[in-house]
Amino acid sequence: MSTFRKAHSEKSREHMIELLNQQVTDLTDLFIQTKLAHWNVRGPHFIAYHEFFDDLAGEIPELIDSLAEQAASLGGSAGKPVQFIASETRLPAWELQNTKDILVLENLTERWAIVANNMRDSVEVSADEDPDTSDLFTEVSRKLDKNLWFLESHLTDGSSE
């Protein structure tokens, strides 16, 4: 039995597993949507965005893996089948008809922001119940925020407002 299970209630442990799996679900959807952006972007900035989106997608599996492994280490099942991901994600569906580079960038930025904001919420929610899981959420949040900043930087002209 893990130390967490000895020191915390079953309800608390289950809550952490639920939080972790929700983030795994959202990150899995974010990975798929980032790959859709990579495959379908068109326009004058095609190659730059195509490569950028592929780099972003490439970082997500490690984040998913660390959260899923934490859920498993707490004694829960890690992840969800794709049928559940489709019904439980908190991200809006990807619009395949939007292929223009700026629209793809805006939509992708919106989705990364949703996941990053939800991750920060999980940091706060888990802080008192399980500092280790909260720390993991913080680590993942930092990586998401860095990439969100990269995305958002493409949407500004650099001048101060």
Side-chain angles (χ1 to χ4, degrees), residues 1-39 41 49-95 104-156:
M1 181 173 282
S2 76
T3 305
F4 181 86
R5 285 185 270 170
K6 288 180 185 174
H8 296 79
S9 71
E10 180 67 15
K11 182 179 176 185
S12 180
R13 185 183 69 80
E14 288 174 4
H15 183 227
M16 290 302 100
I17 293 166
E18 180 183 318
L19 276 176
L20 287 157
N21 277 319
Q22 182 62 61
Q23 294 300 344
V24 167
T25 293
D26 291 347
L27 280 167
T28 301
D29 189 16
L30 184 65
F31 172 77
I32 293 166
Q33 292 196 32
T34 303
K35 290 302 284 190
L36 288 169
H38 161 74
W39 294 322
V41 67
Y49 287 165
H50 178 76
E51 291 175 356
F52 175 45
F53 298 158
D54 199 35
D55 289 344
L56 290 173
E59 293 188 23
I60 298 173
E62 181 182 336
L63 304 178
I64 293 169
D65 197 50
S66 63
L67 296 172
E69 287 175 351
Q70 180 69 359
S73 77
L74 294 176
S77 294
K80 302 276 178 117
V82 69
Q83 296 82 359
F84 287 94
I85 291 169
S87 65
E88 295 179 11
T89 183
R90 294 178 285 185
L91 300 180
W94 189 260
E95 301 290 332
V104 171
L105 180 63
E106 288 170 349
N107 286 317
L108 195 57
T109 301
E110 173 194 18
R111 277 125 176 109
W112 276 77
I114 290 167
V115 174
N117 288 328
N118 287 335
M119 193 66 64
R120 280 189 293 281
D121 289 345
S122 290
V123 170
E124 291 179 29
V125 168
S126 62
D128 291 334
E129 284 186 72
D130 183 7
D132 291 335
T133 298
S134 183
D135 187 52
L136 179 58
F137 285 139
T138 299
E139 180 183 329
V140 172
S141 177
R142 282 189 189 109
K143 292 175 182 180
L144 290 170
D145 283 343
K146 180 188 81 169
N147 288 329
L148 180 58
W149 171 61
F150 290 159
L151 283 160
E152 290 173 337
S153 294
H154 283 85
L155 296 173
T156 62

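For the numbers below, each heavy atom of this structure counts, side chains included, while hydrogens, waters and symmetry mates do not. Just so you know, residue 1 is the first one in the sequence shown, and it goes up from there.
In plain terms, the two heavy atoms of F52 and L151 that are nearest each other are CE2-CD2, 3.6 Å. When all heavy atoms of L27 and I64 are compared, the pair lying nearest together is CB-CG1, 3.5 Å. A78 and A71 make their closest contact through CA-CB, 4.4 Å (heavy atoms, listed as atom of the first residue, atom of the second, distance). Across A68 and V24, no two heavy atoms sit closer than the pair N-CG2, 3.7 Å. Heavy-atom minimum distance, H154 versus L105: CB-CD2, 3.3 Å.
A distance-only check finds no donor-acceptor pair linking the side chain of D135 to the backbone of P131 [under 3.5 Å]. Between the Q23 side chain and the N118 main chain, a donor and an acceptor come within less than 3.5 Å of each other. Checked by atom type and distance alone, the side chain of N21 pairs as donor or acceptor with a backbone atom of G79 at under 3.5 Å. Not one N or O on the side chain of S141 forms a donor-acceptor pair closer than 3.5 Å with the backbone of F137.
Using a 4.0 Å cut-off between charged side-chain N and carboxylate O, K11 and E14 make no salt bridge. A salt bridge is absent between R120 and E124: the closest approach of a Lys/Arg side-chain nitrogen to an acidic carboxylate oxygen does not fall below 4.0 angstrom.
To the nearest 0.5 Å, the span separating CD on Q70 from CE on M16 amounts to 10.0 Å. To the nearest 0.5 Å, the span separating CG on L136 from OG on S66 amounts to 4.5 Å. Taking CG from L144 and CH2 from W112, the interatomic distance works out to 6.0 Å, rounded to the nearest 0.5 Å. Note that CD of E69 and CG of L74 are 12.0 Å apart. Values are rounded to the nearest 0.5 Å.
Between I60 and the choices V115, T34, T28, the side-chain contact (heavy atoms from CB on, under 4.5 Å) rule is met once, by T34.
The local environment of CD in E106 is crowded, with over 12 non-hydrogen atoms from other residues, nucleotides or ligands closer than 6.0 Å. Annotation for R142: atom CZ does not count as buried by contact number, only 12 or fewer foreign heavy atoms lying within 6.0 Å.
No hydrogens or angles considered: a donor-acceptor pair under 3.5 Å links the side chains of N147 and E59.
In this pair, H50 and H38 present their aromatic rings parallel. The plane angle is below 30°, not in the 30 to 60° band.
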